[in-house]
Amino acid sequence: MTKFTDLNLDPKVLKAISEAGYEHPTPIQAGAIPHALQGKDVLGIAQTGTGKTASFTLPMITMLAKGRARARMPRSLVLCPTRELAAQVAENFDTYAKYVKLTKALLIGGVSFKEQDMLIDRGVDVLIATPGRLLDHFERGKLLLTGVQIMVVDEADRMLDMGFIPDIERIFSLTPFTRQTLFFSATMAPEIERITNTFLSAPARIEVARQATTGENITQGVVMFKGSRKDREPSEKRRLLRDLIEAEGEALTNAIVFCNRKVDVDIVAKSLKKYGLDAAPIHGDLDQSTRTRTLDGFRDGSLKLLVASDVAARGLDVPSVSHVFNFDVPSHAEDYVHRIGRTGRAGRNGKAVMICIPRDEKNLADIEKLVEKPIPRLDAPAGSATADPAEDIAAEDTTASSSRSRSSRSSSSRSSSSSRSSSSSRSSAPRESAAPRETEEAAAPAAPAREEAPKPERSPSRGRSSSRGSDNATPGMGDHMPSFIALSFEERKAV
DNA sequence: AAAAAAC
């Protein structure tokens with residue numbers, strides 16, 4: 001079995017690796033690092049969670065350890081689709097370049113130019129950036145990319161989804177064509193294939209097949225749900241979500257709740273909070289400091305429920321969560337796999353529960369086709385979905401501004417919009433006392449019987465803090481993806 | 001149809 005020490009990495013890098021508790025490279029690392037160190041282009045086809053990030057940071061640090069950066073001319077460039085992902089890569093450099101003198105700058109939107117400019121001015125070895133902000137700096141004449149020796153494109157297929165490909169092509173054209181390119185994508189869509197044919201030269205192609213399929217350690221289920229009336233469906237659906245969450249009891253240590261739309265992320269987070277659950281929203285319309293704070297809180301365990309848009313579906317190195325709830329059926333079947341892949345990581349057990357309303361049945365069918373097996377239907381927890389229609393109108397009221405004047409009880413909960421108070425009431429309170437229901441709807445059953453609830457998975461809810469270095473873990477190892485995801489585009493079409 | 005990312 002290959003060890004990091006077999007890989008010709010700088011001794012100082014090896015020291016940092018070993019201090020981080022790693023000994024054996026993951027398949028993508030073992031495959032990519034030797035080629036990268038030889039100066040070859042690399043085409044890595046791998047999911048997040050395969051140790052992909054270290055497969056480029058480790059050789060980069062080794063190669064950049066020699067030489068010095070010049071002002072405004074970064075020696076290497078890493079492009080990421082989202083700000084969080086870029087920040088994560090930067091952290092990875094910090095970890096492994098601990099004993100190497102390397103300067104880096106993180107160029108992402110949502111924060112001030114000033115500090116970024118200062119760093120660039122001084123000269124950086126590594127530039128980690130999202131495309132928009134990078135080009136912004138370039139257009140201001142603050143940045144020269146002609147000194148880039150190594151360029152990394154991370155999560156290229158997601159860049160494609162987000163319409164970044166023209167930017168990427170432009171950035172490619174600003175760097176010397178003698179550069180070394182390390183290119184990573186989870187899939188090889190035709191457009192991605194075209195880019196790699198254009199900008200990579202004779203790349204070593206490393207394709208990582210996932211060992212396990214979705215099933216093994218992630219228990220999946222879907223609750224088919226129809227509102228008692230069309231206009232009541234949203235609030236009843238939120239109630240169902242609460243019941244599903246509470247039905248999990250102690251087995252739920254932390255969870256991500258995915259919604260398809262940003263407004264719903266806000267509404268659902270607000271609704272959960274209103275009922276005493278420890279929840280906070282994250283999506284791209286929130287300012288960067290809030291996003292960072294929320295994510296940090298979720299990582300360190302002080303936040304239990306993260307309500308998220310697909311900003312968090314891919315790539316984020318969130319600690320293994322015990323549960324994923326799909327409040328909405330994702331409309332791209334592949335997103336389902338990415339979302340539920342946030343649980344059951346590193347060999348632990350996870351549970352993924354989805355709510356499907358009639359309108360989403362087509363999308364559900366697409367998902368089942370993609371994962372090649374039916375998702376078991378679950379019964380709603382007893383007492384759910386039948387009663388308590390008018391529930392938390394106030395939560396909706398924040399966004400439905402037009403109807404706001406009509407609703408007499410809307411004023412109570414509007415104030416705290418998205419600010420995640422750092423108050424002490426972080427842990428979830430019992431719902432009876434927490435639900436602020438002074439109105440007549442309060443007559444609805446407060447504590448439904450739970451016998452029919454989906455059985456809580458026995459998940460070994462160990463301390464999350466140790467999640468990174470357990471067992472023989474290698475960076476990011478161990479979240480399980482269905483086998484199809486590792487197939488190339490052609491192979492998948494054939495299925 | 002929506003999310004993400006630039007000011």
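The sequence lines fix the lettering, A, B, ..., with proteins before strands; numbering per chain opens at 1.
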List in numerical order all residues of residues 140-147 of chain A for which some heavy atom is under 4.0 Å away from an atom belonging to DNA chain B.
none
Can you find a heavy atom in the side chain of A/Thr103 that is under 4.5 Å from one in the side chain of A/Val126?
no
Nearest listed nucleotide, side chain of A/Lys262, among B/dA5, B/dA3, B/dA1
B/dA3
Check every strand shown and say whether A/Phe113 touches a base, only sugar-phosphate, or nothing at a heavy-atom separation below 4.0 Å.
sugar-phosphate
Would you call the rings of A/Phe56 and A/Phe184 parallel, tilted or perpendicular, taking 30° and 60° as the class edges?
tilted
Quickly work out the A/Ile168 CD1 to B/dA4 P distance and round it to whole Å.
18 Å
Base, sugar-phosphate or nothing for A/Arg291? Non-hydrogen atoms, less than 4.0 Å.
sugar-phosphate
Send over the distance from A/Arg339 CZ to B/dA2 C1', rounded to a whole Å.
10 Å
Nearest whole Å is fine: how far is B/dA4 P from A/Asp285 CG?
6 Å
What is the nucleic acid contact for A/Gly110, judged by heavy atoms within less than 4.0 Å: base, sugar-phosphate only, or nothing?
sugar-phosphate
Do the side chain of A/His332 and the base of B/dA1 come within less than 3.5 angstrom through a donor-acceptor pair of N or O atoms?
yes
Between P on B/dA4 and CG on A/Leu135, what's the gap in Å once rounded to a whole number?
20 Å
Electrostatic pair A/Asp136-A/Arg140, nearest N-O below 4.0 angstrom
yes
Within the structure shown, what part of the strands sits under 4.0 Å from A/Thr130 by heavy-atom distance: base, sugar-phosphate, or nothing?
sugar-phosphate
Would you kindly give the CG-to-P distance between A/Asp310 and B/dA4, to the nearest whole Å?
8 Å
Kindly check if the number of other-residue, nucleotide or ligand heavy atoms within 6.0 Å of CZ (A/Arg194) is above 12?
yes
Are OP1 or OP2 of B/dA4 and a side-chain N or O of A/Arg261 less than 4.0 angstrom apart?
no
For a 4.5 angstrom cut-off between non-hydrogen side-chain atoms, does A/Val353 reach A/Leu378?
yes
Less than 4.0 angstrom between a side-chain N/O of A/Ser309 and OP1 or OP2 of B/dA2, yes or no?
no
Which heavy atom of A/Val89 sits nearest a heavy atom of A/Cys80, and at what distance?
CG2-SG, 3.8 Å
Within this structure, what is the CG-to-C1' distance between A/Asp161 and B/dA5, rounded to whole angstrom?
13 Å
A/Phe164 has an atom CZ; how far is it from atom C1' of B/dA3, in whole Å?
11 Å
Return no unless some side-chain N or O of A/Arg83 is found under 4.0 Å from OP1 or OP2 of B/dA6.
yes
To the nearest angstrom, the CD1-P distance between A/Ile357 and B/dA1 comes to 15 Å
A/Gly51 and A/Thr26 have their tightest heavy-atom pair at CA-OG1, 4.1 Å
